[in-house]
Amino acid sequence: MTEVFNGQEEKDVFLRAYSSMILSRMFDKKIVTAQRQGRVGFYTPTIGQEATQVGVSMALNPDDLVYEYYRDVPFMIHRGVPVEVLLDQIMGNSEDSAKGRQMPSHYNAKDHNFMSVQSPVATNLPLAVGAAYAIKHRKENRVVVTTFGDGSTSTPDFHAAMNLASVYDLPVIFLCENNQWAISLPVEKQTKVEIWKKAEAYGAYGVKVDGNDFLETFKVAKDAVDRARSGKGPVLIEAISYRIGPHSTSDDPSKYRAEGITEGSEQDPIVIAEKRLKDLGYITDEIIDRMKSEAKRIVDQKFDEREKIPPPKPETMYDDVYKEMTWMVKEEKGEAL
Amino acid sequence: MVQAINSTLDYALSKNNDVVLLGEDIGRDGGVFRVTEGLQAKYGSDRVIDTPLVELGIVGMSIGMALNGMKPIPEIQFQDFIFTAFDQLVNQAAKLRYRSGGQFNVPMILRTPYGGGIKGGLYHSQSGEAYFAHTAGLTVISPSNPYDAKGLFMSALEYEDPIIFLEPKKLYRSVKMDVPDEEYKVPIGKASIVREGNDLTIVTYGSMVPVVSAAIEKNKVDAEIIDLRTIMPYDGSTILQSVKKTGRVMIVHEAPRTLGMGAEISAFLAERAIDYLMGPILRVTGPDTPFPYRLEDYYLPNERKIMKAVGKLKEFR
């Protein structure tokens with residue numbers, strides 16, 4: 001089907017992709033529910049963007065770098081980031097590698113070659129360009145993927161990063177996860193042109209893909225990654241999907257938009273994936289049901305387990321500002337404790 | 001000072017292949033102040049990189065390099081132009097160590113000329129050190145002479161957090177001194193006592209150090225002059241020790257008075273040395289206005305303003 005894998009290998013790869021999408025969806029539903037129950041403070045749901053992220057992830061090597069934003073749970077899950085790591089961050093507990101310092105959805109997974117997540121949108125893009133410069137400088141065979149939403153394409157950072165990556169012919173894949181909405185602003189109010197077309201203005205290669213279809217996304221991403229890896233410069237992928245949920249648990253989309261794609265409808269990326277895999281004869285309804293209940297069981301179990309972990313100790317607040325604590329911070333720490 | 005910084009950059013490039021310089025007009029042109037003269041010819045355009053005109057891109061790209069094992073030394077042509085990159089400095093460079101629990105760090109040295117003295121008007125004269133010093137995670141340095149410029153830069157090369165290296169452009173060519181060829185370091189976070197004295201303490205840094213020194217020598221004042229060298233984290237203990245000895249203190253800087261470094265040092269001393277002070281803590285600074293072109297000489301602290309404050313402090317016994 002894709003001419004990338006053969007026989008059993010293809011089946012395994014596709015089923016693993018589907019499994020990541022299911023686990024992400026169950027994770028998402030769990031956290032949203034837990035937020036409503038007061039067990040989690042905040043969350044930026046990923047529902048609707050699973051196929052985009054898993055499709056691109058499938059095209060990468062483990063040592064490729066990802067400079068992601070705050071809505072990339074499926075991407076992280078598919079690259080093997082344990083659910084525990086995500087839960088510890090969301091809960092801000094003492095097992096969180098960033099010691100509970102950031103609000104939920106701002107993950108750290110350095111050992112899976114993800115960058116630490118920031119809030120200010122698109123500020124990760126210039127960093128990805130610098131990372132790619134370092135890769136080229138050392139003549140490594142790696143690429144950098146940086147992710148962002150449609151809103152980010154209006155920022156000066158997007159422009160700066162696209163231009164710099166093109167000027168220096170760097171191996172960067174700019175993945176615009178166009179979910180149609182930047183909080184309450186629809187994409188047609190964000191920009192007058194299709195996002196992928198902006199690539200041409202920088203001398204980069206631009207391409208649009210149905211981001212609700214993981215196989216289509218995978219094929220386009222594979223081509224983009226091959227291009228970048230072979231030294232042909234940056235690629236801008238516009239993956240069209242839909243933010244089925246709110247921007248975050250703090251907003252109510254009914255205030256600013258009519259209902260678009262809904263969960264379980266024909267355009268739901270998971271429904272599309274199931275249809276694709278059934279057509280290929282890789283999956284049955286029975287397997288689907290089993291995988292879903294298994295994913296739900298894992299998420300429920302891990303959530304209960306991680307919820308028992310205590311918060312970080314207050315004195316950890318003063319660490320990691322600089323390599324060596326300044327006398328000011330030492331003094332402030334002394335006063336507080 | 002231009003020569004001292006140039007030779008230190010040359011040294012850094014020669015010692016470590018992962019050191020790169022990047023900025024506007026720094027390569028072919030050697031920089032608008034000629035600080036990077038000759039370095040692109042020697043190390044190539046991949047390591048002494050002429051960038052497009054985009055400060056936030058220069059800084060953001062440098063952060064990405066620093067996160068991946070390189071030692072980037074970006075130049076912002078004038079500190080006045082840094083503000084589009086402020087988001088990158090405050091929200092990325094300064095916070096990466098903290099937000100990753102120490103997994104990531106940003107060993108970048110951002111060089112930029114700052115301050116007045118060249119008739120640059122509003123946009124080629126600003127002293128923005130307080131903006132940077134107010135951001136947890138940034139280290140702010142400003143040398144006042146060629147010897148310290150080299151020594152501080154040598155320390156910066158081994159430092160593992162982001163540094164804003166503010167070069168007083170007025171001193172680029174106006175101060176000459178012999179700088180040793182061998183390697184030496186001036187420690188970050190340590191002030192120097194430029195001149196010992198007993199009657200009062202003057203805390204200053206950057207381009208104001210020679211101005212203060214000249215005024216004090218000429219008028220034969222028994223003042224102790226402290227050159228901070230590192231603005232953040234500043235050397236509180238050296239200031240405190242001196243003020244306990246002299247009982248009188250003033251702070252001199254070019255930047256506007258309100259909420260400048262003088263305000264911070266005043267608060268620091270008010271908290272810890274009030275029992276030792278014979279008079280008020282005075283500030284001789286630029287006024288709270290933008291930096292004027294034609295009236296630059298009226299804007300900047302000078303001998304007259306410094307001596308007026310000295311006279312006022314001496315009234316307290």
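Letters A, B, ... are given to chains in the order of the sequence lines, protein chains preceding strands, and every chain is numbered from 1.
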When you compare the side chain of A/Leu65 with that of B/Asn68, does any pair of heavy atoms fall below 4.5 Å? yes
Checked A/Pro156, A/Ser119, A/Ala131, A/Gly130 vs chain B; the most non-hydrogen pairs under 4.5 Å come from A/Gly130
Does any heavy atom of chain B fall under 4.5 Å from the side chain of A/Met317, the backbone, both, or neither of them? both
Side-chain touch B/Tyr234/A/Thr326, heavy atoms, less than 4.5 angstrom: no
Under a 4.5 Å cut-off applied to non-hydrogen side-chain atoms, are A/Tyr322 and B/Asn105 in contact? no
Which pair of non-hydrogen atoms, one from B/Pro52 and one from A/Tyr168, has the smallest distance, and what is that distance? CD-OH, 3.6 Å
Identify which of B/Val54, B/Leu56, B/Asp46, B/Ile63 forms the greatest number of heavy-atom pairs closer than 4.5 Å to chain A. B/Leu56
Any side-chain heavy-atom pair of A/Gln118 and B/Lys95 under 4.5 Å: no
Within-4.5 Å side-chain heavy-atom neighbours: B/Arg99 and A/Ser116: yes
Using the side chain to side chain contact (heavy atoms under 4.5 Å, CB included) rule, take B/Phe104 and A/Asp320 through it: C-alpha gap first, then chi angles, then the decisive distance, then the call. CA-CA 10 Å; B/Phe104 290 108; A/Asp320 306 318; over 6 Å; no
Under 4.5 Å from any heavy atom of chain A - which part of B/Thr51: both
Shortest non-hydrogen contact from B/Met61 to A/Val129? SD-CG1, 3.8 Å
Name the atoms and distances for all side-chain donor-acceptor pairs under 3.5 Å in residues 329-337 of chain A, with sequence neighbours left out.
unit_1, atom_1, unit_2, atom_2, d
A/Glu331, OE1, B/Arg272, NH1, 3.1
A/Glu331, OE1, B/Arg272, NH2, 2.9
A/Glu331, OE2, B/Arg272, NH1, 2.7

Part of A/Val144 lying under 4.5 Å from any heavy atom of chain B: neither
Using side-chain heavy atoms (C-beta onward) and a distance below 4.5 Å, is B/Gln88 in contact with A/Thr123? yes
Heaviest contributor of heavy-atom pairs below 4.5 Å to chain A, chosen from B/Val59, B/Ile49, B/Val20, B/Leu96, is B/Ile49
Using a cut-off of under 4.5 Å on heavy-atom pairs, state which of B/Gly57, B/Gly102, B/Gly137 scores highest against chain A. B/Gly137
Taking only heavy atoms into account, what residues of residues 87-107 of chain A are found under 4.5 Å from chain B? A/Ser97, A/Ala98, A/Lys99, A/Arg101, A/Gln102
Quick one: are A/Met328 and B/Pro233 in side-chain contact, heavy atoms under 4.5 Å? yes
If you count heavy-atom pairs within less than 4.5 Å of chain A, which of B/Arg97, B/Met232, B/Arg47, B/Gln103 leads? B/Arg97
Dump the intermediate steps for side chain to side chain donor-acceptor pair (under 3.5 Å) on A/His137 and B/Asp18, then the final yes or no. CA-CA 8 Å; A/His137 173 73; B/Asp18 287 329; 3.2 Å; yes
